[in-house]
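Working notes, structure below.
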Amino acid sequence: MTKHNDSFIPRHIGPSRKDIDNMLESLGLDSLNDLVRETIPESILSHNPLSISREISEHELAEISRAIAEKNELFLSFIGMGYYGTKVPAVIQRNILENPGWYTQYTPYQAEISQGRLEALLVFQTMISDLTALPLANASLLDEATAAAEAMAMFYREVKKDDRNKFFVSELCHPQTIDVLKTRSSPFGIELVIGDHTAFDFDETVFGTLLQYPATDGEIYDYTGFCKSANQVGAYIAVVADIMSLLLLTPPGEFGADVAVGNTQRFGVPMGYGGPHAAYFAANEKFTRKLPGRVIGVTVDKHGNKAYRMALQTREQHIRREKATSNICTAQVLLAIMAGMYAVYHGPERLKQIATDINEKTNLLAAKFKELDHQVLTEQYFDTIKILPTGLTVDQIKKLAESNHINFRYFEDGGIGISLDETTTIQNIDSILKIFGKKESEKIDDSSNYNYNIKLKRKSEFLTHPTFNSYHSETEMMRYLHRLELKDLSLNTSMIPLGSCTMKLNAAAEMMPVTLPEFSNIHPFAPIEQTQGYRQLIGELNEYLAEITGLPAVSMQPNSGAQGEYTGLMVIRAYHQNRGEGQRNVCLIPASAHGTNPASGIMAGMKVIVVACDDNGNIHVADLKEKAEQNSANLAALMVTYPSTHGVFEEEIGEVCDIIHKHGGQVYMDGANLNAMVGLCRPADFGADVIHINLHKTFAIPHGGGGPGMGPICVAKHLEDFLPKHSVVHTADTGTSAVSAAPWGSANILPISWAYISMMGAEGLTLASQIAILNANYMVKKLEDHFPILYHGLNGRVAHEFIIDLRPFRKTSGITDEDVAKRLMDYGFHAPTMSFPVAGTLMIEPTESESKAELDRFCDALISIKKEILDVENGKADSEDNVLKNAPHTAQEVVSDDWTHPYTREQAAYPLPYLKDSKFWPSVGRVDNAYGDRNLFCACPPIEDFKY
């Protein structure tokens with residue numbers, strides 16, 4: 001029988017069979033295999049097909065994924081610990097979470113075509129700043145535990161003294177947070193002091209503290225006195241604060257906290273077995289230019305109109321590299337936007353009603369427990385109480401609870417924790433009480449006054465900005481979200497050819513399992529036996545990745561690419577220490593590496609030494625040998641990206657790995673460019689010991705405008721025992737402490753990559769790599785007569801991406817890479833990667849998902865821009881007042897009566913005929929970056945700045 005005619009492969013691959021033949025012909029080749037042999041060194045080329053037997057259709061995927069999901073048991077979760085049931089507003093689920101106009105966007109580096117999500121992130125920041133009563137907030141972090149670790153690291157850098165290395169952590173912080181702090185503190189030599197905050201005596205060796213608010217057992221403490229004691233010795237205070245509780249409780253900024261961090265999951269984002277969720281980070285103004293992660297700020301465009309942009313970008317690891325203060329390369333943008341819009345949709349009054357309802361139900365539950373003679377240990381609480389049962393053992397209660405499909409939290413001291421949320425009903429409370437001895441015939445009287453009796457009541461206003469008070473009907477909310485969406489260029493507009501970012505198709509079929517309740521509504525600390533569907537899916541995905549890389553052991557815990565880098569280096573560190581070679585702390589990194597690489601090396605406690613590149617952009621093997629020999633006794637690792645960030649399969653990669661192994665080091669491979677290798681060569685075969693994989697690149701998880709992402713690592717067998725485990729859920733008998741809050745990172749998006757691999761199969765995955773290489777080489781052929789192509793590899797070929805050099809034009813015409821990037825917006829395209837890895841260049845990666853027609857359209861745009869540059873060179877166009885220097889052009893500018901430019905409106909807005917069929921308009925002119933940093937403002941602009 002012939003293969004089914006609804007194969008997913010041709011849906012994912014952009015060029016048709018005819019187009020592929022034509023593209024090969026333009027390169028003088030007969031087959032894709034010929035292209036691969038001319039591109040990838042024979043010494044590493046795999047001659048064995050991938051052993052992935054599954055290749056299913058989209059329809060089959062829906063059935064299989066549903067069957068797997070149903071193996072997860074949906075219990076009522078009252079575990080808490082930072083994860084809660086929530087009601088996702090349908091208008092947000094349909095118009096953001098399930099909308100490719102939002103989830104296929106890239107990080108908003110190009111502000112002019114990102115104003116929608118920049119405004120949405122500013123809304124998030126304003127929400128966080130208001131609720132925490134701290135003036136500055138960032139645009140989200142990966143999870144609550146890593147946000148707490150970032151606070152610790154920021155404090156440590158601020159006070160950096162050899163005799164001041166103690167960080168106090170309240171024993172009432174969530175255990176998963178303490179676990180991550182243990183991991184992150186060790187490389188820096190920070191001494192964690194974990195104990196009772198009510199009995200802790202400060203001295204001048206303590207640089208910072210971490211508190212939980214409310215505490216992990218639900219108790220609400222007044223930390224005012226504690227904060228004053230910390231201030232007296234110059235120690236900083238970070239508070240992990242529940243976002244919902246801040247609607248009723250005194251906010252951290254009002255009782256002396258310097259930083260507040262937490263999770264916004266319960267603001268309309270499903271638990272998803274641990275993520276993805278948007279953590280928040282708010283601080284006082286002292287830390288304005290030291291805040292980790294990304295910060296959105298207000299600026300103006302060239303016309304003086306209000307605009308938004310990513311502020312303070314000079315802090316980013318791409319620029320600071322080994323001097324970076326953090327290795328953060330992404331955030332949780334899509335989830336931050338959902339959480340912010342949850343607040344916009346409900347508004348301050350409705351939010352307070354939700355929080356009050358949760359607290360009243362908790363009061364009701366506590367009162368009924370007391371009536372049943374159980375001891376309620378928590379005196380002041382918001383949504384969580386800890387009880388000691390009377391007349392029943394914990395085992396009896398657990399057995400009864402699970403037979404009723406209910407999960408509680410069970411403390412080691414015999415206490416039982418119960419956390420309520422906005423989904424909790426009176427019927428749920430009745431079910432809980434029956435487990436603890438309530439009679440079936442007794443009715444719950446919820447008409448009595450159970451108003452919250454919290455002592456630390458919030459008195460300050462919050463969310464007073466019009467944005468939070470204008471869109472409470474679904475009609476208005478739908479239109480607001482649509483207006484924001486239309487301001488942003490995403491993959492449903494045109495290709496996003498960002499080098500090293502792999503902006504491929506995120507197929508709708510791959511996305512659909514994410515919102516299945518059996519995947520999205522599972523608590524990350526639910527017992528393993530209730531999550532067999534997740535266990536199957538994660539197990540199969542582990543096997544896929546192990547087969548693709550040749551590295552047999554996998555950890556899904558890292559929830560971003562940079563987190564994967566850090567985790568891989570920490571595994572290598574632990575391996576050396578276990579062998580009695582803890583002195584091995586030197587990490588060699590090529591000059592062409594991603595900026596996160598040296599930043600991750602520093603975070604892992606390593607000494608970064610940069611290896612030079614030769615004139616062809618490859619690793620300078622002689623320099624590598626010299627530095628490996630010089631540091632032989634202390635060599636820990638080499639971090640290498642393959643194919644290189646220059647878009648080349650380096651022929652010497654095997655020799656490079658051998659050099660490192662000869663001197664006792666391990667080879668860490670950055671998997672950012674794995675999309676050119678799947679099915680064609682395997683990292684383990686040429687010497688990699690560790691690789692992190694960007695599932696949000698190679699394996700189809702969408703970028704979400706700057707997150708979520710996933711960065712699992714695959715390691716060789718000898719490193720398996722050093723993979724991270726988890727303090728709450730048993731994931732392995734051996735391993736190091738955790739790197740993320742949840743055992744399997746952002747598990748809710750793993751079905752996307754599993755679905756992609758399952759539908760593509762071995763044949764489709766290999767074809768995807770071949771077409772990614774073909775598309776790049778085809779574009780090189782079309783553009784090489786117009787732009788210098790900076791680097792070539794074997795036989796003059798490039799890998800899946802390539803660099804065009806714009807530096808000569810700056811000398812001849814004054815036109816820069818930024819001018820070209822902004823001009824591409826007028827042609828309806830997102831710019832390629834600017835000035836990385838080489839300043840003054842553009843790095844282009846088309847991916848396998850783009851059709852030949854789209855590649856041609858983009859090439860035509862660049863060729864047209866080249867003609868515009870020549871017009872400036874030869875004096876036909878003014879050197880300052882030209883289409884490039886003035887780009888992008890907005891609709892408002894083009895239709896204005898005040899048109900003084902020497903070029904026509906048509907030249908500005910419709911330089912090529914295809915634009916008359918479909919035109920994307922940037923909503924602002926070129927933004928003024930310098931103005932935004934000089935006049936830093938990182939919340940929604942004042943009411944008087946709004947124009948209606």
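- Residues passing the side chain to side chain contact (heavy atoms under 4.5 Å, CB included) test with Pro517, sequence neighbours excluded: Leu74, Asn521.
- Listed by chain and residue number, nothing satisfies the ring-ring contact (aromatic ring centres under 6.0 Å, His included) test with Phe78 (two or more places apart in sequence, or in another chain).
- Judged as a side chain to side chain contact (heavy atoms under 4.5 Å, CB included), and not counting sequence neighbours, the contacts of Asp222 are Thr224, Leu456.
- For residues 399-408, every residue pair satisfying the side-chain hydrogen bond (donor to acceptor under 3.5 Å, both in side chains) rule, not counting sequence neighbours, is listed here: Asn407-Gln530.
- Remark: Lys386 is positioned above the aromatic ring of Phe411, its terminal NZ or CZ atom under 6.0 angstrom from the ring centre and at most 45 degrees off the axis.
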Identify every side-chain donor-acceptor pair in residues 81-90 under 3.5 Å, counting partners at least two apart or on other chains, and give the distances.
{"from": "Thr86", "atom 1": "OG1", "to": "Arg266", "atom 2": "O", "distance (Å)": "3.0"}
{"from": "Thr86", "atom 1": "OG1", "to": "Gly268", "atom 2": "N", "distance (Å)": "3.1"}
{"from": "Thr86", "atom 1": "OG1", "to": "Glu422", "atom 2": "OE2", "distance (Å)": "2.9"}

Stepwise side-chain hydrogen bond (donor to acceptor under 3.5 Å, both in side chains) check, Asn363 with Tyr381: CA-CA 8 Å; Asn363 282 328; Tyr381 45 80; 3.0 Å; yes
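- The backbone N or O of Leu142 sits less than 3.5 Å from a side-chain atom of Gln332, completing a donor-acceptor pair.
- Within a 6.0 Å sphere centred on CZ of Arg483, heavy atoms belonging to other residues, nucleotides or ligands number more than 12.
- Applying the ring-ring contact (aromatic ring centres under 6.0 Å, His included) test to His472 and every residue at least two apart in sequence or in another chain returns nothing.
- In this structure a side-chain-to-backbone donor-acceptor pair under 3.5 Å is present from Asp488 to Arg117.
- The list of salt bridge (charged side-chain N to carboxylate O under 4.0 Å, His left out) pairs with a residue in residues 462-481, not counting sequence neighbours, is empty.
- Side-chain contact between Glu360 and Leu364 is absent, with no heavy atoms from C-beta onward closer than 4.5 Å.
- Remark: Val344 pairs with Val123, Met341, Thr467, Phe468, Tyr471, Met477, Tyr480 by the side chain to side chain contact (heavy atoms under 4.5 Å, CB included) rule, at least two apart or across chains.
- Within a 6.0 Å radius of CD in Glu349, no more than 12 heavy atoms belonging to other residues, nucleotides or ligands are found.
- Looking at Thr424, its side chain does come within 3.5 Å of a backbone N or O of Asp421 through a donor-acceptor pair.
- Summarising the geometry, atom OG belonging to Ser419 is positioned 9.0 Å from atom CD1 belonging to Ile79; distances are rounded to the nearest 0.5 Å.
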Stepwise side-chain hydrogen bond (donor to acceptor under 3.5 Å, both in side chains) test for Glu219 and Gln380: CA-CA 5 Å; Glu219 191 71 50; Gln380 285 280 300; over 6 Å; no
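- Remark: the Thr425 side chain and the Asn428 side chain contain an N/O donor-acceptor pair separated by less than 3.5 Å.
- Looking at Ile237 and Leu211, their side chains come closer than 4.5 Å, going by heavy atoms from C-beta outward.
- Counting non-hydrogen atoms of neighbouring residues, nucleotides and ligands closer than 6.0 angstrom, the CD atom of Gln396 exceeds 12 such neighbours.
- Among residue pairs with one or both ends in residues 124-147, none qualify as salt bridge (charged side-chain N to carboxylate O under 4.0 Å, His left out); sequence neighbours excluded.
- Expressed to the nearest 0.5 Å, how far CG of Leu481 lies from CG of Asn99 amounts to 9.0 Å.
- Taken from CD1 in Ile96 to CG in Leu334, the straight-line distance is 7.5 Å, to the nearest 0.5 Å.
- The list of side-chain hydrogen bond (donor to acceptor under 3.5 Å, both in side chains) pairs with a residue in residues 254-263, not counting sequence neighbours, reads Glu254-Ser460, Asp258-Asn284.
- The only option from Lys438, Lys439, Lys361 that meets the salt bridge (Lys or Arg N to Asp or Glu O under 4.0 Å) definition with Asp430 turns out to be Lys438.
- Residue Ile701 holds its CD1 atom at 8.0 Å from OG of Ser746, rounded to the nearest 0.5 Å.
- Phe369 has its ring centre less than 6.0 Å from the ring centre of Phe436.
- A donor-acceptor contact shorter than 3.5 Å links the side chain of His523 to the backbone of Phe525.
- The side-chain heavy atoms of Cys173 and Leu210, taken from C-beta on, include a pair separated by under 4.5 Å.
- Across every non-hydrogen atom of Lys434 and Glu440, the tightest pair is NZ-OE2, 2.8 Å.
- For the atom pair Glu510 CD and Ile749 CD1, the distance stands at 12.5 Å (nearest 0.5 Å).
- A distance of 6.0 Å or more separates the ring centres of Phe124 and Tyr280.
- Summarising the geometry of Ser140 relative to Ala278, their closest heavy-atom pair is CB-CB, 3.9 Å, with the distance given to 0.1 Å.
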Test salt bridge (charged side-chain N to carboxylate O under 4.0 Å, His left out) applied to Glu371 and Lys368, step by step: CA-CA 5 Å; Glu371 291 177 9; Lys368 296 302 180 184; 3.6 Å; yes
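- The aromatic ring centroids of Trp744 and Tyr273 lie less than 6.0 Å from each other.
- How far CD1 of Ile432 is from CD1 of Ile418: 5.5 Å, rounded to the nearest 0.5 Å.
- Note on residues 171-181: pairs passing side-chain hydrogen bond (donor to acceptor under 3.5 Å, both in side chains), not counting sequence neighbours, are His174-Gln212, His174-Thr216.
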Worked check of side-chain hydrogen bond (donor to acceptor under 3.5 Å, both in side chains) between Gln536 and Lys71: CA-CA 9 Å; Gln536 177 182 337; Lys71 295 180 182 179; 2.6 Å; yes
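- In this structure, the side chain to side chain contact (heavy atoms under 4.5 Å, CB included) partners of Ala147, at least two apart in sequence or on a different chain, are Leu141, Val261, Ala279.
- Remark: of the listed residues Leu291, Thr126, Asn138, Val295, Val295 is the sole one forming a side chain to side chain contact (heavy atoms under 4.5 Å, CB included) with Cys938.
- Contact check for Met710 versus Leu750: side-chain heavy atoms found under the 4.5 Å cut-off.
- Within the 6.0 Å centre-distance limit, the rings of Tyr223 and His197 are counted as a close aromatic pair.
- The two residues Ala741 and Val180 come nearest to each other via the heavy atoms N-CG2, 4.2 Å.
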